[in-house]
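These numbers come from the heavy atoms of this one structure, side chains and all, not from hydrogens, waters or symmetry mates.
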Amino acid sequence: AGHDDRTAKTVLGQLTSFLATAPLESVRVDQGVVEPASGQPVLRDLDLRLNTRGQLGALEAVGAFVFNGENVTFSMDRGRTRDAEAGQSAPLTLKVTSAPLTARFSGTMELGEELGGEGRLEATLPDIRRFLAWVGVALPEGESLKDASASGRVHWLGSTLTFDDGTFEFDGNEAVGLMALTAGARPRIDGTLAFDTLSLDPYLTGVSAAGPDASLFDWVLLKYLDADLRISAAEVSAGTLQLGGGGLTVNAKNGAISSEIGALEVCGGHAEGRFDLDLTSPRVEAALAGSLADVAIDACRQSLGMMVPITGSGTVKADMSTGGTTHDELIRGLAGTVLVTAEDGTLPIDLNTLLSKPDAQATGWSEDAVTPYSELNADCSLSAGHLWCQSFRMTTGGKPVSGAGGLDIARQTLDWDLQMPDSEAPIDPADSVAKTELTIHGSLTTPEMARAPASEQEAAAPEPNTEKQ
C-alpha cells in the first residue's frame, strides 16, 4: 500500500465504510493486541465492542485496554460522517478513564490529511509527571505538577491541541487563557496565561530535592520541555517573599531558557530584567541583567532570611554571569557589576561607640544603637566568587563616610575599611588627617569591628586582593 493509504482519513474512512456496508452491525474483540508491523505491541488486553447502529457512517464503541502498564476504559459515539471542505467531519463524544488521565470530549471530529477536530474538552491529571512518563516523556521526580485539570473550548490538528480560552489548575494555582500543547519527543507548550495568585513554591523545592549526584538544574522542568509562555499575575509568592503583580515571558528550546520580567512588584518596589540559562551541555551558563528599584530593604531581607539588619529604601542594578558544572564552580565563576543606592535608612553599626575611644571594638551587628544614613552609594564588581565594592560612600548626620571592601560569597565573610571625619576635627574630605578609620572583618553574621590604631589613620582604603579577582 502507498503512503496515502496510511493516512488517518484513509484508515478511518475504510473502517467506517467496511462496517457500514458489511452484513453485520457489531464487532467484538476479546483479549486483542494492537501492534505495529515491527516492534512491541501498542495496546494489550483489548476488549472492544463496535456497533454501527444501522446508520451509514455512524459508529459506537466501548471497551478497555492496557497501554504502557495502565488500564484504560473508553467509550465513543461518533455520528454519521459528512463531506466537509477539508475532508470529512462527524459529531463525536469520547470519554477516556485511567489513573494518569480522565478526559471527556464533545464536539466534531475531522478526517483530513491529519486527524483533527474541535469541541469542548474536560481533563483531569492527578500527576502530570506520571502522565508524561506514561506517554513516553520522563521528567525527574518532584512535588510540583500535581492535581491538574483543564477545561474549555479546544481544537486539535495532528499532534497539537489548543485551548482557545481555557481554565487550568495545577499545584493550587488557577489560570485562564490560551494554551497549545504539542506532543513529541520534546513536548512543547505555547500560551498566554493570567493568574489571580501564583505560588512559585512547588517549582523552587526542586533545588533542595535534587540528589547530591544529580546534574546541575536537573530539577528545572524546562530542561525537558520547549515553551513560549506569557504569564501575568495579580499576586505572586515565593516562599516567605510576598510579591505583588507583574508579568514575565518564558522561552525554552532544547534546554536554552530565557525569561524577561516586567515591572514585578517586590517589597514595595519593582523588579525588571532578563535571565538566561543554558542547559544544553553539562557546563551550565547563566546570565542576569536587571534591577530592583525602590524596595523596602528591611522587609526584603527578613523575607529572604538575611541576618544583617539594614533598613532604608534601596535600588540595585546588576549585570552578571557565571558558568560551571557544580554549584561551587557557579559561585566561583560569578563575574559582573553591581550598583547599589539607598536612602533614609540605618546600618547596624554603633559608630558613636566605635569613635568614642582609640581602641574601641565591637563584635556582631548592633540592633539597638544603629547609625542612620540619608544616602548610600556603592559601586561593586563580581569576580571569582567575591563581591568587591571599590567605592562606598554614605552620609550620616551630615558627615560623609567612605571606603571600600568585599564579601566572599562562598565563605560568607567580610573585609571592609571605612573612613569618616574625626568628630573633633574640621570636616574636610580632602584632609586625611581629619579622618578616622574603621575595620569590619570576619563572619557576615557576626563580624568583628574596630577602630584602627592612630598609626594607621593615614592608610589608604584597601585595594582588591588579587586572589579575589
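Side-chain atoms of Asp171 never come within 3.5 Å of backbone atoms of Asn173 as a donor-acceptor pair (strictly under, hydrogens ignored). Not a single donor-acceptor pair under 3.5 Å links the side chain of Asn251 to the backbone N or O of Ser258. With Asp319 contributing its side chain and Thr337 its backbone, the two residues share no donor-acceptor pair below 3.5 Å. Remark: the backbone N or O of Pro372 is paired with a side-chain donor or acceptor of Thr396 at under 3.5 angstrom. A donor-acceptor pair is defined here as one N or O able to donate and one able to accept, closer than 3.5 Å; no such pair exists between the side chain of Asp350 and the backbone of Val370.
Across Asn71, Val72, Leu43, a single residue satisfies side-chain contact (heavy atoms from CB on, under 4.5 Å) together with Val66, and that is Asn71.
Shown here are the salt bridge (Lys or Arg N to Asp or Glu O under 4.0 Å) partners of Asp228, two or more places apart in sequence or in another chain: Arg230. Qualifying salt bridge (Lys or Arg N to Asp or Glu O under 4.0 Å) partners for Glu169, counting only residues two or more places apart in sequence or in other chains: none.
Heavy-atom neighbours of Arg44 CZ from other residues, nucleotides or ligands within 6.0 Å: at or below the threshold of 12. Annotation: Asp196, atom CG; neighbour count of heavy atoms from other residues, nucleotides and ligands within 6.0 Å does not exceed 12. Heavy atoms of other residues, nucleotides or ligands lying less than 6.0 angstrom from CZ of Arg393 number 12 at most. Counting heavy-atom neighbours within 6.0 Å of Arg153 CZ, excluding the residue itself, gives a total above 12. Around atom NZ of Lys146, more than 12 heavy atoms belonging to other residues, nucleotides or ligands sit under 6.0 Å away.
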Inset, instruction - Check step by step if side chain to side chain donor-acceptor pair (under 3.5 Å) holds for Thr326 and Asp328. - result: CA-CA 5 Å; Thr326 67; Asp328 288 342; 5.3 Å; no
Inset, instruction - Show your reasoning for whether side-chain contact (heavy atoms from CB on, under 4.5 Å) applies to Val96 and Phe105. - result: CA-CA 9 Å; Val96 176; Phe105 172 81; over 6 Å; no
Inset, instruction - Check the pair Met76, Leu92 against side-chain contact (heavy atoms from CB on, under 4.5 Å), reporting the backbone distance first and the verdict last. - result: CA-CA 7 Å; Met76 182 186 75; Leu92 173 68; 3.4 Å; yes
Legend entry - From CA spacing to verdict: side-chain contact (heavy atoms from CB on, under 4.5 Å), Arg301, Val308: CA-CA 8 Å; Arg301 70 99 186 168; Val308 184; over 6 Å; no
Inset, instruction - Step by step, work out the side-chain contact (heavy atoms from CB on, under 4.5 Å) result for Thr93 and Arg104. - result: CA-CA 8 Å; Thr93 298; Arg104 178 181 176 84; 3.9 Å; yes
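Residues Gly244 and Leu264 share a closest heavy-atom pair of O-CD1, 4.0 Å. Across every non-hydrogen atom of Cys380 and Leu387, the tightest pair is CB-CD1, 3.7 Å. When all heavy atoms are compared, the tightest approach of Thr322 to Glu329 is OG1-O, 4.2 Å. Of all non-hydrogen atoms in Leu248 and Ser259, the two that sit nearest each other are CD1-OG, 3.7 Å. Contact detail for Lys223 and Ile257: the closest heavy-atom pair is N-CD1, 4.4 Å. Taking every heavy atom of both residues into account, Ala271 and Val266 meet most closely at CB-CG2, 3.9 Å.
In this structure, CG in Leu418 is found 10.0 Å from CE in Met449, a value given to the nearest 0.5 Å. Within the model, atoms OG of Ser374 and CG of Asp344 stand 7.0 Å from one another, a figure rounded to the nearest 0.5 Å. Atoms OH and CG, from Tyr203 and Leu145 in turn, are 6.0 Å apart once rounded to the nearest 0.5 Å. Separation of atoms CD1 (Ile128) and CG (Asp147) is listed at 9.5 Å; rounding is to 0.5 Å. Of the inter-residue distances, the one linking Glu70 atom CD with Phe131 atom CZ reads 11.0 Å to the nearest 0.5 angstrom. Taken from CE in Met306 to CG in Leu444, the straight-line distance is 7.5 Å, to the nearest 0.5 Å.
At least one side-chain heavy atom of Ile440 sits under 4.5 Å from a side-chain heavy atom of Ile349. Within the 4.5 Å cutoff, the side chain of Ser98 has no heavy atoms near those of the Phe67 side chain. Between Arg120 and Ser151 there is a side-chain heavy-atom pair separated by less than 4.5 Å. Side-chain contact between Glu118 and Asp164 is absent, with no heavy atoms from C-beta onward closer than 4.5 Å. With contacts defined as side-chain heavy-atom distances shorter than 4.5 Å, the pair Asp127/Pro100 does not qualify. In this structure, Leu277 and Leu279 have side chains that are in contact, with non-hydrogen atoms separated by less than 4.5 Å. The shortest distance between side-chain heavy atoms of Trp365 and Thr445 does not fall below 4.5 Å. The shortest distance between side-chain heavy atoms of Glu265 and Glu235 does not fall below 4.5 Å.
Under 3.5 Å, the side chains of Ser383 and Ser381 contain no donor-acceptor pair of N or O atoms. Arg129 and Ser144 share a donor-acceptor pair across their side chains, judged by distance under 3.5 Å alone. Thr102 and Thr124 share no donor-acceptor pair across their side chains, judged by distance under 3.5 Å alone.
Sorted by first and then second residue, the disulfide bond (SG atoms under 2.5 Å apart) pairs with a member in residues 170-201 form an empty list; sequence neighbours excluded.
Relative orientation of the Phe74 and Phe65 rings is tilted, given thresholds of 30° and 60° on the angle between their planes.
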